[in-house]
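Accompanying notes for the structure given below.
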Amino acid sequence: MTAEAALGTTTATSAADAAAGSGTGMILSARAVTKRFGGLVAVRAVDFEIPRGSIVSLIGPNGAGKTTFFNIIAGLTEPTEGVIEFQEATIVARPVRAWAEPILWFALPAVTAVIAALALLAGISAVADVLVGLTAVVLVGSLLIAVIRPRWYLNLLPRFGIFRSARPNDIVTFGIGRTFQNIRLFANMTSLENVLVGMHSRMHATLPDAALRLRRHRDEERTSRVKAREWLAYVGLKGRDDIAARNLPYGDQRRLEIARALASEPKLLLLDEPTAGMNPVETTQMTALIGKIRTELGITILLIEHDMRVVMGVSDRVTVLDHGEKIAEGTPEVVRADPKVIEAYLGAPTA
Amino acid sequence: MTAEATALSGPRFPVARLRGPLILLLVILASYAVIAFGAGEQAPAQFINAVTIGALYALIALGYTMVYGIIELINFAHGEIFMCGSFVSWSVITTMGITGAITDIPRLVIVLVVVFLISMLVMGVVGVIIERFAYRRLRNAPRLAPLITAIGVSFILQNIISVGISNSVVTIPQLIPNTKLDFGVFSISVINVFVIALALALMVALHLFITQTRLGTAMRSTAMDREAAQLMGVNINTTIAITFFIGSALAGAAGVVQGLYIGVTVFNIGFNYGLKAFTAAVLGGIGNTTGAVLGGFVIGFLEVISQVYGYANWSEAVVFGALVAVLIFRPTGILGQQLADRA
Amino acid sequence: MTATSTVPPRRPSPIGRIRAFFGGHQSLAIIAGAAVVLLVLPQIALLPPFSGFGTQKDWVGGFSNAGVFVLLAVGLNVVVGLAGLLDLGYAAFFAIGAYTYAYGASPFLNLHIPFWIMLIVGAAVAAAFGILLGAPTLRLRGDYLAIVTLGFGEIVPVVILNANNYTNGTNGITGLAQPSAYGLFGVDGFGFSNPWPYFVTVVGIVMVTMILLYRLQDSRLGRAWVAIREDELAAASMGINTVTTKLLAFSIGATTSGLAGVFYASKLGVVTPDQFGFTVSFTALAMVVLGGMGNTLGVAAGAFVIYEIQSTGLKQLGQVVQSLHLPVVALGPIKVDIGSINFINYQYLLYGLALVGMMLLRPEGLFPSRRRRQELHEDTDEVAEFKSAETLEAIDR
Amino acid sequence: MKLRNLGVLGGIAALTLTACGSSATPVPTTGAAATTGPAATTGPAAGSIAVKIGIELPMTGGEAPNGVPTANGVALALAKIQVPGFTVTINQQDDAVNGVHSATQGATNIGTLVNDASVLFVVGPYNSSVAQAEIPVSNAAGLMQCSPANTNPGLTKTWGGVDPKTLRPTNPDKIAYVRVATTDDLQGAAGADIAYNLQGKKTAYVLDDTQTYGKGIADVFETQFKALGGTVLGHDSPPSTTSDFTSEVTTISGKKPDYVYYGGVTTSGLGLFRKQMAQQNMASTDFGGGDGINDGSAATASSFLQIAGDAGDPNTFSTVAATHDIPGLDAFNSAYKAMFNTDPGSYSAAAYACTQVFLQALKSVGTGVTDLAALRSAVRAYVATPSNSYDTQLGTLSFDANGDTSQKVISYYGFDATSKDWKFIKQRDFTQQPLGQ
């Protein structure tokens, strides 16, 4: 079923661009997502949807598979089964006909090689030599393409019924930003630089632009720095631009990570335990920030959280995972009342 | 995520335990076929040559892989330790006034034991000293700093030997008589048997040490997570020192073996052997002892094969080409995944 | 070299403004530095003790050779220092650049393309090879990358040595054309007995290279490199295409190396396979590390220092010590007459000691970059992060 | 021996010290220390012009065994021969970087020598690849250099389609490089002569160590051996770094050649190869090489014969590019041993001869001339004149228009099991008997 789903949809990129504007409905929907590690199942057949402009929380005891699911959406892990669609475009799914991809790489060289062989047999050595050289060049070229995987190549794949999940960096450009459970800032870069890296996918100056300091580069740098500072201010790090991320206090590091994610202008923001290890004051601030991001910027948010107050405070819908399975879903009130949830948390606590 | 992943991806290891020997067997069979195809009736002889030199590489590679496993340092000085080992054996043998092969078996055994013990001991100590003074202080420094000191140390060792002993080729008396055991189909000379047997014995001993003893466990835990090990009461410095001792002792043994097998040594022999051995370690999956052995044999075979097919001058290119090829498809080496029993 | 260390001061103010403000001025600073080098260095050679080691001409000739290694080092710095990719086979691109010049401007193929054009060609060819050799190594990280690049570094000379028909094998290619100054440097221009034009040229090349490198370093690309070095997984999750970014690092490093190769070949007039062994790669790496990874100016300085140490310092040490007429010291049983020691025998040892010593004293290098200084006390964890299978999977796809 | 064992312990001790960061304990050096001896001892005598002879050789690391004895040859000559009116001292340069000869360093060194006005003549370099980088420099400056060891034909005659003039672009017709060593092509031919004519062997297996010298003579051997009517069963090129030849030998033993010719030098492992031949029952197969293996008797430390051990029955052959009956060879050897207390190296005598060439030139052009520049160019001109001939340690010789020595005599040697040394067989003068006869 996943295969058809994957094939049915148009390619990740084009659809993402197409659907970019579309107003309502589900911004992200996961169908029957399963992930196995060796024998064990981290996520089992989870269906999951995020309405555009909402805040959805994903909760569950430790080891429930929340972060795995998260990483599948972010493109860090390929699911064993299932499909994830972002704005009506399949971005992540189990690879389809992955085996056919190498055939693509060697198709062109093979053709030239065959012609070369024919030429040799025909005894037109001059032509043959040229063709042999050509074959080598083509081979190297196509292998390079296979490594670099440029856009047009990715768009080409579906034509041959091949589906490969988008790479993390592509997913960012589609409009999904994320933070990490264990903060992963660029520790030795300043806050500003961190945010600028976040903007990377939205900047377009090329190597020559930078080398020759062309207008495009200069303007872009200027404007993006202004914007970066705005982001820092937005999350409450005004004037901390020049401090190395490693030297920021813990709470600020979390904020910086959010600023960095926001800088990539996401439509969907994945927050992995944003308030983990925060004191109540920081927590309330963070909760406020999250709400603000949704209301002011209209960014849809998927939240993984342990702190129930946060979850119940901000989220429109809550999904509960336990042992990789979805055991409950609905409004905070409904979920809070759900006996299965209570059991999962209080009764028979899991490692 | 990482936490869950590692927790979940546990039960691969029993399989992995078997994987090493299986692949090794496959490699041996395959390369025997290739050699047989190329060398005709010389095949058995060539095969033995390959295994012998492979065993030598494996011995050196073990040191590389252990040191890397525990402090993630490419110990470029390791090749020179090997070289020094061969010189120590030379000086021991000549001091004993031995000039040629010893036919009287018991005497031979005694001499061999003495030579090996002394060389392994001396080189082990040297290795520990190097670690103490050249690497320990840099344990938390940027990763390249110890790499540079390692190369610096190797320069120092080379220069000491070249100026102190000889700046040219030195002949080492080959203690083991050059007699051949004939098995009808093929004949194998005693020295090859000795080298292979000794190498295998040392490898098995090392494996048992790592897996069965407390020290071995300490080494493995340190390799996996130094801080955690420390918290569990493992004395990191001692453990690392011991690792260096064992690794260098093995290199010393390899040095002696080289002397017995080849019969000459020279102060700059270390770089080439070191390079091949390190390649072996990486090929097999650096940090993985089984992998080092596997890699050693693979390289031995590759060299002999390229020689058999008349491309001796390309052997280096072949070896590194193979390395690149393997790493492209298995970025962590043939047995790389098995991080659990790094030592 | 001290002169060039006049880095534009970094005021503690928003880095953005500094960069924007110094964008132009930084280049000016480098140009000024180059001018100072051009004028001051030759004068230093006239002062004792340096004047004792050789005439000004010797020194200038030496400086131009040092320039080659400065180029190599700053290029390697992009790969190792900025992008954090350990490359031990850097000499390969040096060789490729040099042989490109040999093909373009020697009787071997009877081509006589002007040096100045070959500079570009050589750089381009090296860049192409940088991408070619870089591509297969991209999935590797840390020391796996190191050994593979080391492998390439070993393979290239072997190929040059054995592909007799195309490279003239071990005999090498001789009679490489000298650059033509078009009467710019007075009557005799570039010549084997006139190092001055070479000196000027190499300073010029280094200057331009460094300006360009600094500009890249301060650009979107430069940030991406550092981000990858800091945390490849996070970088990917921030929308950086790690593959192309790394490839660019490789090819830019190779380009610089190619420039160095062309210049080197034109100055030496001959290329043979044995000039491009591991020693070159290692020396360049040592220069990067000792200079201070990531800091282009520091690396350049480090390169210069190390080159002078191993090419002049160690070789002259003997003379110096002998001139001191030290007394005979008795170390226990062994009588040591330091004056009679032939230091030429020990220069290898001393070089080793110098490396170990410098590293122990300043692990972060002589002129550490702002970042490296902060970084000093944790480094292995980033490697540890990548050990888990799924991160590998993520970035390989 | 005892002393050497001390060496090891000293080595270890030194290592301990160095590891502590202090400097190394000086351990007994092998003769090398003496090179600077004369330079230090002979100060300029009153009323005589102080001039220098440059030495440009690899002196360190793996190259020391090549460079040091050769440099000693020069020192010995200066100690033995005086030129009235001149005090000749040494300007010593080392082209080894990190223990390996480097063309770049060589070019730099020759530049340094050029810029030292009092240097009138240079002995060196040792490696042909270094020479390729130095010849253009010395040629541009008109400083005559004499290589005791370069044997790559390409340096002085058209070889592989390359004209030697490309090496001297500045003054193509004013040579500033001569050599006393005979070129590889003749040695290779001589090797084939031994194999085919002397030993009457019809099949040969050829090897080379991939280096300029080894490959040069091996290739010539192959062509000449074929030309004489022999068959070459194979030609392998084990890298010069090879230290285990067992599989190589196994392969060859399978081909069952009558003769094995190996172009290369002992340091590339040829002695080892011969030994392993013996260990694999190929001791009785003839083995031949160039002067790269003719480096002293079995008593000489790390010589081919010592490494090969008793492998060589009287069927191991080598050639030397010089006349055998050099006047007073023993005198030379004893004098050398007296001064440096080691045996001379393969090229000590050649370096001695180069120095003699210089001193003769100096004597004949030096009278009255005081201007160093003038002296330098006069010396160059004198040595570059083909008509001048010199009575040297290597016998009487002169240099042709390209700087090649007139001595085209190759001596044949065979291993003598009783004296465990090379025994002179015959010598062939290629001026009377050119190639292919």
Side-chain angles (χ1 to χ4, degrees), chain B residues 39-42 45-46 49-50 52-53 56 84 87-88 90-92 94-95 122 126 129-130 132-134 153 155-171 174 178 189 191 258 261-269 271-273 303-304 307-308 310 312-313 315-316, chain D residues 1-2 4-5 7-12 14-16 18-21 24 26-30 32 60-65 68 98-99 207-208 210 234-239 241-248 250-251 253-254 266-267 269 271-272 275-276 278-281 301-302 306-307 309:
Chain B
E41 76 273 12
Q42 256 99 25
Q46 292 289 28
N49 295 336
T52 319
I53 191 72
L56 192 52
C84 294
F87 270 95
V88 173
W90 165 79
S91 78
V92 173
T94 43
T95 342
V122 172
V126 171
I129 292 171
I130 293 176
R132 176 66 188 82
F133 291 102
V153 170
F155 285 176
I156 296 173
L157 291 177
Q158 277 194 34
N159 195 269
I160 288 173
I161 297 293
S162 72
V163 175
I165 298 171
S166 163
N167 53 20
S168 185
V169 184
V170 166
T171 49
Q174 292 179 288
N178 174 39
S189 60
I191 177 72
Q258 194 267 352
Y261 180 51
I262 308 292
V264 302
T265 184
V266 59
F267 76 98
N268 57 7
I269 198 176
F271 177 72
N272 221 270
Y273 273 94
E303 284 189 335
V304 169
Q307 194 284 322
V308 163
N313 47 340
S315 58
E316 274 196 342
Chain D
M1 270 311 174
K2 275 272 165 284
R4 294 190 154 199
N5 299 333
V8 176
L9 305 175
I12 303 302
L15 163 66
T16 331
T18 48
C20 303
V27 278
T29 69
T30 50
T60 43
E63 305 276 7
V68 172
N98 294 334
L207 298 100
D208 68 65
T210 71
H235 186 152
D236 288 349
S237 311
T241 54
T242 312
S243 53
D244 170 25
F245 292 94
T246 42
S247 69
E248 183 70 57
T250 314
T251 309
S253 68
T266 307
T267 46
L272 184 53
K275 178 183 195 164
Q276 293 182 344
Q279 285 171 352
Q280 299 194 36
N281 315 328
S302 59
Q306 191 195 50
I307 297 166

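Sequence lines set the chain letters: A, B, ... in the order given, protein chains first and strands last, and positions in each chain run from 1.
- No part of D:Thr242 comes within reach of chain B, as not one of its non-hydrogen atoms sits under 4.5 angstrom from that chain.
- Distance check, rounded to the nearest 0.5 Å: CD of B:Glu316 to OG1 of D:Thr241 gives 5.0 Å.
- Contact annotation for D:Ile307: both backbone and side-chain heavy atoms come within less than 4.5 Å of a heavy atom of chain B.
- Atom CD1 of residue B:Ile53 and atom OG1 of residue D:Thr246 lie 6.5 Å apart, to the nearest 0.5 angstrom.
- Applying the ring pair (Phe, Tyr, Trp, His ring centres under 6.0 Å) test to B:Tyr273 and every residue at least two apart in sequence or in another chain returns B:Tyr57, B:Phe82.
- In this structure, the portion of B:Gln174 lying under 4.5 Å from any heavy atom of chain D is its side chain and not its backbone.
- Heavy atoms of B:Ile262 lying under 4.5 Å from chain D belong to its backbone as well as its side chain.
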| request: Test B:Asn272 against D:Ser243 for side chain to side chain donor-acceptor pair (under 3.5 Å), laying out the working first. | output: CA-CA 9 Å; B:Asn272 221 270; D:Ser243 53; over 6 Å; no
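- Contact check for D:Thr251 versus B:Gln46: side-chain heavy atoms found under the 4.5 Å cut-off.
- The nearest pair of heavy atoms linking D:Pro239 to B:Ser315 is CG-OG, 4.2 Å.
- Atom CG of B:Asn313 and atom OG of D:Ser237 lie 4.5 Å apart (nearest 0.5 Å).
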Practice prompt. Show your reasoning for whether side-chain contact (heavy atoms from CB on, under 4.5 Å) applies to D:Asp236 and B:Gln307.
Written response: CA-CA 8 Å; D:Asp236 288 349; B:Gln307 194 284 322; 3.7 Å; yes
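- Closest of all the heavy-atom pairs between B:Gln42 and D:Gly254 is NE2-CA, 2.7 Å.
- The shortest non-hydrogen separation linking B:Asn178 to D:Gln279 is ND2-O, 3.2 Å.
- In this structure, B:Ala45 and D:Thr250 approach most closely via the heavy-atom pair CB-CG2, 3.6 Å.
- Going from atom CD of D:Gln276 over to atom CG of B:Asn49 covers 9.0 Å, rounded to the nearest 0.5 Å.
- For B:Phe271, the ring pair (Phe, Tyr, Trp, His ring centres under 6.0 Å) partners are C:Phe278, not counting sequence neighbours.
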